[in-house]
Amino acid sequence: MQYGFEGNIASKLAEKQKQGLLRSLSQPQGIDFSNNDYLGLANHFEIAKSAADAYVKYGAGSKGSRLLGGNHKIFEETEKWLANWKGTEAALIFNCGYSANLGIISAFCDSEAHLFFDKLNHASIIDGYAMSGGKLHRFSHNSPADLEKALQKANAESFKLIAVEAVYSMDGDIAPLKEYADLAEKYGAMLYVDEAHSDGILGPGGKGLVAELGLEKKVHLSLTTFGKAYGTMGACVFGSKLLIDYLINNARSFIYSTAISPGTVVAMQKAVEVSTRDNFRRESVLKISADFRRKITAAGIDCLQSETQIVPILLGTVERAQKCKEFLLERGFWTACVRPPTVPKGTARLRINISATHREKDVERLAEDLIFYIHSL
Ligand SMILES: *Cc1c(COP(=O)(O)O)cnc(C)c1O
């Protein structure tokens, strides 16, 4: 050991290992059910080619943050196009969903603000809160009744932000957005919806859950991330010109970070074009997912309230989840073992992400192997 402080760090890692919570990097083997390439666009030729052409034409870098030299015309043209697609007044591209949530939540939540958020919200929303000065109210997962109780506690005059996801990343269930929109209206709160796992999958042409429920006028701000169903990278927030202007002035992760390259922005738009056009991708992923859920729930397996392409297989302990992952790997399937603190203690699980790239017979075989394994426990 070289430095004195390393003993301290090594013992923290050893403690994680003892609890079975040590993370390490690995490459998926076999058929991959862990990634988020739901529509199979990550290797789509047309999208890759449009990005490659743009890289050659405009260069690999953006040269600066959007406010200091990095604002290539491609950004503004694409934001206009994306806003038109979503039907909002304005849009703002962020480098990724994580940095968008840091910037959005911290920008709107100063020390006077009240932030209401679902207990299962993604780490990026939690971290946005950590950067903010606001007062946090966590409400029970997908519970408008619990949200209303929390809203009643805050001063009627105060600024209130409700932050939720449309489809939850570890549970695959769908948020009651209509009820949230009604509560936001009743209590004068701003409603923010992160569509990371619903965009490209739900709604007309994959335009997301807000569009599916016709809530465009009632949801004030929404987020699309391009690293999931769209198979590329980056993120875009949608809302009124007022809210977007506010973010340009206050979102630290937007202001203080070099913009992504114009080529990446070109890929974002192309991915939406391909996704909108290729309805068969969405239809396929939704059908295969529904068949898979039907099969395993009929066999008594708990997949929580999943209604989407994300299917959690609840196993409880880390050890049980890990063993199940290993069994499936022997059978040729790569799955994600999700452990605390990513999910609440005692709810370790395998997360099965279905994609349009999967063949029906492979998903059927996965269901059969899972049923066999869990019934033999
Ligand atoms: C993945 C994810 C993000 C982060 O998006 P990236 O573009 O991958 O940084 C944000 N919110 C939710 C709900 C996510 O699942």
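Since we're looking at a predicted model, the values are computed, not measured. One-based numbering, in listed order, for ligands and for the atoms of each.
- When heavy-atom distances to ligand 1 are checked against 4.0 Å, the residues falling inside are Cys96, Gly97, Tyr98, Asn101, His122, Ser124, Glu165, Ser169, Asp194, Ala196, His197, Thr225, Lys228, ordered by chain and number.
- Put simply, the side chain of Arg320 never gets that close to the backbone of Leu314: no donor and acceptor are under 3.5 Å apart.
- For Thr342 and Arg23, the side-chain atoms include at least one donor-acceptor pair closer than 3.5 Å.
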Worksheet item: Can you list the steps and then say if Cys303 with Thr297 is a side-chain contact (heavy atoms from CB on, under 4.5 Å)?
Response: CA-CA 7 Å; Cys303 62; Thr297 48; 3.5 Å; yes

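- Relative to the ring axis of Trp85, Lys80 does not place its NZ or CZ within 45° and under 6.0 Å from the centre.
- The side-chain contact (heavy atoms from CB on, under 4.5 Å) test with Ile47 is passed by exactly one of Val266, Val272, Val274: Val274.
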Discussion item. Working note: Tyr180 + Phe139, criterion ring-ring contact (aromatic ring centres under 6.0 Å, His included); need CA distance, chi angles, decisive distance, verdict.
Written reply: CA-CA 12 Å; Tyr180 291 156; Phe139 60 91; 5.8 Å; yes

